[in-house]
Amino acid sequence: RTQSLIRFGQCGNQVGCRFWDLALREHAHVNKKGIYDEALSSFFQNAVLVDMEEGVLSEVLQGPLRQLFSTTQLISDVSGSGNNWAVGHHSYGSVYREQIVDQVRRAAEQCDCLQCFFIIHSMGGGTGSGLGTRVLKLLEDEFPEVCRLVTAVYPSAEDDVITSPYNSVLAMRELTEHADCVLPIENQSLVDIVSKIQHMAHTGKPGSVIKKDSTIISGQGGVAKTEKPFDAMNNIVANLLLNITSSARFEGSLNMDLNEIAMNLVPFPRLHYLVSSLTPLYTLADVNIPTRRLDQMFTDAFSKDHQLMRADPKHNLYLACALMLRGNVQLSDLRRNIERLRPTLSFVQWNTEGWKTGLCSVPPVGHTHSLLALANNTCVKPSFMELRERFVRLYRKKAHLHHYLGVDGMDVSGFSEALSSLTGLIDQYSQLDSTNTAPSQDPPRLNIAC
């Protein structure tokens with residue numbers, strides 16, 4: 001047991017439920033005897049579920065996953081955070097601080113060697129963004145040596161929460177300062193991916209029929225019996241979690257610990273936002289993917305259509321990149337594809353060998369291989385700039401500020417400091433882009449006199 005998973009808010013807990021559901025399905029597929037093995041049980045025993053509304057957590061206690069969790073692992077309130085970062089961060093953060101720290105400590109004590117806290121929450125609401133980032137700071141204080149990895153779901157520009165730009169930018173300041181790694185996922189990207197998959201399914205063209213039990217957009221075959229709104233989008237994020245935790249759940253010839261991600265992919269402490277891509281993502285009818293498709297998977301992982309952000313890393317600057325493969329993949333295949341793709345990718349001049357690789361022998365259900373790529377890349381900058389513009393449009397008019405400033409502990413300086421933090425982050429990415437435009441030249445070699 002090496003990780004503790006902490007879920008915040010409606011989004012974090014719904015994504016978490018999809019992850020547990022699909023993880024059970026995956027282990028049942030591998031473990032034909034149906035034994036509830038140690039690798040899987042540790043993921044449930046080490047989890048903490050937090051939401052300031054009872055709805056989602058009540059569903060967990062009454063639903064098919066209820067036997068997996070103890071009520072002591074669930075922390076909830078009644079009224080919710082009202083889509084207000086300040087309420088989640090300051091009000092509930094103060095009230096539930098000791099209870100959350102105590103429960104997290106209990107989960108940590110169940111771990112044989114605690115390597116990582118894995119945190120899931122959204123950015124646009126109040127509990128996930130506010131309380132989630134408050135606990136992030138608590139984890140840093142209480143467990144300073146343990147890696148903090150956050151999966152954060154960003155709202156789209158058409159989000160129905162008017163104050164989501166405030167919540168997102170206020171949360172981003174905390175993520176920038178207190179997380180070791182952040183995997184930003186954009187709602188709009190998930191919407192686009194699901195729409196494309198469903199369009200492919202409806203065209204009925206040969207080779208483009210979605211498998212009935214695809215783990216990408218369907219919960220069939222898992223514990224859940226019915227599909228709910230956003231399940232398709234949540235399943236994509238759950239598949240990211242399945243891949244990133246596979247090395248902790250299954251054996252592999254070159255397994256990658258989660259704390260190795262931060263160690264190898266984050267050369268500068270604030271620039272720790274990693275763009276995720278999954279393949280196979282647009283699931284095809286043929287379950288038995290031929291070996292020759294392995295090369296196509298590598299190509300897909302670097303295309304913008306497979307990113308979980310609206311970003312194009314291939315045409316931007318890489319600081320580092322991790323490739324996490326599942327299935328019967330040879331190390332020689334991995335190296336060959338890296339060498340094949342290397343000339344098409346732009347890496348910072350001082351880290352042209354910035355690759356980290358992992359191999360897990362157990363593939364996802366229904367596939368022979370899968371690939372998760374994590375890119376520390378300047379392509380995140382446009383999304384952050386767009387978020388800043390949406391924040392400024394509200395802040396310039398001082399719109400809705402009174403809802404935040406009426407919360408104890410919240411000051412107007414928090415808004416300006418959060419905006420300054422985001423601007424500084426954007427400037428750092430811009431500086432990297434500007435200093436890496438010209439190709440470097442090797443220094444002249446010394447002539448050795450004979």
Testing the basics here: between [X] and [Y], what is the closest heavy-atom pair and its distance to 0.1 Å?
X	Y	result
Asp180	Val266	O-CG2, 3.8 Å
Arg7	Cys17	NH2-SG, 3.5 Å
Ala152	Val182	CB-CG1, 4.2 Å
Leu359	Val329	CD1-O, 3.9 Å
Leu334	Thr357	CD2-CB, 3.4 Å
Ala179	Val150	CB-CG2, 4.1 Å

Strictly distance-based, threshold 3.5 Å: is any side-chain N or O of [X] a donor or acceptor partner for the main-chain N or O of [Y]?
X	Y	value
Asp300	Thr279	no
Thr352	Gln349	no
Arg18	Met233	no
His89	Gly130	yes
Asn351	Leu319	yes
Asp51	Ile75	no
Arg66	Gly63	yes
Ser189	Arg310	yes
Thr299	Asp295	yes
Asn187	Val153	no

Between [atom1] of [X] and [atom2] of [Y], what distance do you get to the nearest 0.5 Å?
X	Y	atom1	atom2	answer
Trp20	Leu68	CH2	CG	8.5 Å
Phe19	Thr245	CZ	OG1	4.0 Å
Leu240	Ser276	CG	OG	4.5 Å
Cys360	Leu325	SG	CG	10.0 Å
Ile185	Met123	CD1	CE	12.0 Å
Ser81	His90	OG	NE2	12.0 Å

Check the pair Asn13, Val60 against side-chain contact (heavy atoms from CB on, under 4.5 Å), reporting the backbone distance first and the verdict last. CA-CA 9 Å; Asn13 281 288; Val60 173; 5.8 Å; no

Within the supplied structure, the quantity of interest is the number of heavy atoms (other residues, nucleotides, ligands) at a distance under 6.0 Å from [X] [atom1]; does it exceed 12?
X	atom1	answer
Asp141	CG	yes
Glu177	CD	yes
Glu339	CD	yes
Lys304	NZ	no
Leu61	CG	yes

Option from Arg134, Arg173, Glu140 for which side-chain hydrogen bond (donor to acceptor under 3.5 Å, both in side chains) with His178 holds: Glu140

If the condition is side-chain contact (heavy atoms from CB on, under 4.5 Å), which residues does Asp77 pass it with, not counting sequence neighbours? Met52, Ser79, Tyr92, Tyr96

Measure the shortest side-chain to side-chain distance between [X] and [Y] over non-hydrogen atoms and say whether it is less than 4.5 angstrom.
X	Y	value
Leu371	Met324	no
Val362	Arg326	yes
Ser129	Ser168	no

Donor-acceptor pair between [X] and [Y] side chains, under 3.5 angstrom:
X	Y	answer
Gln188	Asp192	yes
Thr163	Asn84	no
Asn167	Tyr404	yes
Ser303	His306	yes

SB check [X] [Y] (cutoff 4.0 Å):
X	Y	result
Asp21	Arg25	no
Glu174	Lys137	no
Asp305	Lys196	yes

For His121, check ring pair (Phe, Tyr, Trp, His ring centres under 6.0 Å) against everything at least two apart and list the hits. none

Who pairs with Tyr318 by ring pair (Phe, Tyr, Trp, His ring centres under 6.0 Å), at least two apart in sequence or on another chain? Phe347

Looking at Leu241, Val237, Ile6, which hits side-chain contact (heavy atoms from CB on, under 4.5 Å) with Ile120? Leu241

Given Leu308, which partner from the list Asn239, Ile193, Val275 fulfils the side-chain contact (heavy atoms from CB on, under 4.5 Å) test? Ile193

Does NZ or CZ of Lys397 fall inside the cone over Tyr395's six-membered ring, less than 6.0 Å from its centre and within 45° of the axis? no

Step by step, would you call Leu401 with Phe415 a side-chain contact (heavy atoms from CB on, under 4.5 Å)? CA-CA 9 Å; Leu401 280 187; Phe415 286 87; 3.5 Å; yes

Could you go step by step and tell me if Leu425 and Tyr273 meet the side-chain contact (heavy atoms from CB on, under 4.5 Å) rule? CA-CA 10 Å; Leu425 186 69; Tyr273 292 86; 3.6 Å; yes

Show your working on side chain to side chain donor-acceptor pair (under 3.5 Å) between Ser247 and Asp257 and close with a plain yes or no. CA-CA 7 Å; Ser247 62; Asp257 292 334; 5.4 Å; no

Donor-acceptor pairs under 3.5 angstrom involving side-chain atoms of residues 379-391: please list them, not counting sequence neighbours.
unit_1 : atom_1 : unit_2 : atom_2 : d
Lys381 : NZ     : Ser430 : OG     : 3.2
Ser383 : OG     : Glu186 : OE2    : 2.8
Arg388 : NH1    : Thr423 : OG1    : 3.3
Arg390 : NH2    : Ser156 : O      : 3.3

Test side-chain contact (heavy atoms from CB on, under 4.5 Å) applied to Gln14 and Gln10, step by step: CA-CA 6 Å; Gln14 287 179 337; Gln10 179 177 340; 3.5 Å; yes

Can you list everything that forms a side-chain hydrogen bond (donor to acceptor under 3.5 Å, both in side chains) with Asp159? Sequence neighbours excluded, please. none

What ring-ring contact (aromatic ring centres under 6.0 Å, His included) pairs are there with at least one residue in residues 122-165, not counting sequence neighbours? Phe117-Phe143

